[in-house]
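Can you keep this structure in mind? I'll have questions shortly.
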Amino acid sequence: MTTDRLMALDLLVSVLTAAAWMSAGVAAAARRPRTAAALFAVALVASLARVWSVLALAGAGWWFVQEKITVALPLLVAAGAAATALAGPRLLRAARRADAASREAVKAPAVAVPLLGAGYAATAGIVQTFLIGYPADPGTALLLLAVAAGAVLGTWRAMSTHVPGLRTATAVTAVAAVLGGTLVFVPSGETTAEGSATGGTAAMAATGSGTGSHEHHSASEGSASLMGAETRPVTDLRGPAAPPPGGAVRRFELTARTATVTLSSGRKVPAWTFNGQVPGPPLTAVQGDLVEVRLRNADITSGVTLHWHGYDVPSGEDGVPGLTQEAVPPGGEFVYRFVAAQVGTYWYHTHEVSDLGVRMGLYGTLVVTPKGTAAEGLDLTLPVHTLGGVTVTGDRDQPLVRQAAPGTPVRLRLINTDNTPHRFTLAGTPYRLVAVDGTDLNGPGTLGRVGLRLAAGGRYDLAFTMPSDPVLLRVDDRTDSVRITPESGPPGDGAAAAKGAGASATADSAADSGAVPAADGQTAGWPELDLTRYGAPAPTPFTSRSRFDRNFTLVLDRGFALTNGRPAYAHTVNGAAFPDIPTEVVREGDLVRLTVVNRGRETHPWHLHGHRVLVLSRDGRSVTGSPLWLDTFDVQPGQVWEVAFRAANPGLWMNHCHNLSHADLGMMLHLAYEGVTTPFHGAHSG
Ligand code: C2O
Ligand code: CU
């Protein structure tokens, strides 16, 4: 069973357990000995099943059961055993007789209270998993225990006028509650614990200033003198003024402003735009060029920046407000410069209030082509976005129809600029998935009849040779995104294109031509491609057997936490939310392993700025296909991803969930190189 299923099963069993104990208690209090005894039996079985489901889940990793094994199970077992010992014999005797006297007997607090108590204890475990999540700490455990004990005492008192030792019990409970509450709510003063935990005093320089929770000057000065090493502000880590020899300068101007954009159907959508359009102007460069982008902000009141998603620019060009620059206010500007070193498909977007900003349209594409290769064939860059509630490809809310002569090489660059994954299918031709997140795959095989799940923020490049039948790209098995029809008439013959687009006769002939599915067929049933098994293995600079200088684990969950100073039902990392998640500190040259665990019920597309990561394993199984270098990897519920990277791009970097609404609710942290400081201290980075 998958971990996701096990988590769901465990949840079901835990709810059943709590409900059974609770209703057994209620039935007893209601003088129903037979019903109570039956429910008691169910509760016993359910409790045993719960022990089993937790132990089974433990097989997926300690992260998935930590709070269950340390708190929930002991509580359930203790309360269940007490209920069985105290209430069991009387309940069974009464159930056997079922006369008036036994009805009264089960109503006694000695029967009903232990049963309800077991119900409270079982409920406490569920509450802990959902409200607090990973990891359980003594404070919350104590608080929960106190609440459960308080509920038992309250119930008991309500059912009987005399509760032996009530005062003492109440006092103990109250003390436990206060103690637990203190541990939970009073800050420990160790918010920079990451300094000692992960890499020495320099951590404080980065963390203190990066998160805005400390005075940056004192922290950075302190670390500088302690380390005796020189520190560098992130603002010094900028791109060059001139391109490397042979490179050209590509200048772009992007002005952020509100506008109403008109989609291809004529539909008007209020948007936040670059240069009045959504997506923003496509940026293209040839490898080795210097890209220079002047960003201006006309009227986006919350401010704007440019982040180069997947592009490993110098840290000072990375566009993270409060960390690498201040957000550009209306009337302001910022010039970004970086060398187009990486080839492939990327995108840019604002990083200020990015959840809203990107959703509203502040994004565009960045494509870098190899030097010295003339563009040939049809090359389409296709950012897919949800704008005003509809799926758009580029600026079209209707299929993009293009023509290509049979035999033409075609490349489709799919970019998911949304917060959630999209599923793409390509029908009408065999094809290859040649690049993921801008990096070419090794030996990608021919595909057909598969669904391609593309993580939020991720990119896939598909390549094929134009067949003599139409080809259809579909999003989420429902939105026709691109339709390429074989050029039949003279070039530019629109009528022929339209005819080809709608003709089912051509689709039939495609179906006849073998394994290649018809462009108009159903795609929903197509299985999903497992990227970790696609393509051919190739040597990588490091593997899971390498010696890692740093190992970081991020356990993703939900729970109540403060994020940016406000209490929220946050998306948490190791039990905390931004900016309280300890910064990961690395030293230049380190080999870093990152383990990302999803304990929650939602997908978290994990994105590290400034680096591509090599996937080592997913759910403990190593990659058997092409090496996978990703900048955004989709950590689905129950999954454990192990990735690694070489810390070769000094700076201060965001490391966050690219479901930007999750990031906004706390799911982001910093990765900092020792010795890099920031003069900015905005508490939010996204
Ligand atoms: Cu595309 Cu920090 O994100
Ligand atoms: Cu997320």
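Predicted model only: the values in this text are computed from it and were never measured. Atoms within each ligand, like the ligands themselves, are counted from 1 in listed order. Any value given below was found using the heavy atoms of this structure, including those in side chains, with hydrogens, waters and symmetry copies removed.
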Is it true that His611 and His609 have ring centroids separated by less than 6.0 Å?
-> no

Do Arg459 and Asp437 sit within salt-bridge range, that is, some charged N less than 4.0 Å from a carboxylate O?
-> yes

So, Trp347 versus His658, ring centres under 6.0 angstrom or not?
-> yes

Between Tyr311 and Phe338, ring centroids under 6.0 Å = yes

State the count of protein N/O/S atoms located less than 2.8 Å away from atom 1 (Cu) of ligand 1.
-> 3

Among the N/O/S atoms of His604, select the one at the shortest distance from the Cu ion (ligand 2) and name it.
-> ND1

What is the name of the N/O/S atom in His662 that sits closest to the Cu ion (ligand 2)?
-> ND1

Metal proximity, His658 vs the Cu ion (ligand 2), N/O/S cut-off 2.8 Å | no

Cationic N near anionic O, under 4.0 Å, Glu642 to Arg593 | yes

Could you pull out the atom name of the N/O/S atom in His656 that is nearest atom 2 (Cu) of ligand 1?
-> NE2

Could you tell me whether the Cu ion (ligand 2) has an N, O or S atom of Cys657 under 2.8 Å away?
-> yes

Rounded to the nearest 0.5 angstrom, the OG1-CG distance for Thr678 and Leu652 is 6.0 Å

Salt bridge check: are Asp549 and Arg587 linked by an N-O gap of less than 4.0 Å?
-> no

Qualifying residue, where the test is side-chain contact (heavy atoms from CB on, under 4.5 Å) with Pro383 and the options are Leu414, Ile415, Asn416, Val278 = Ile415

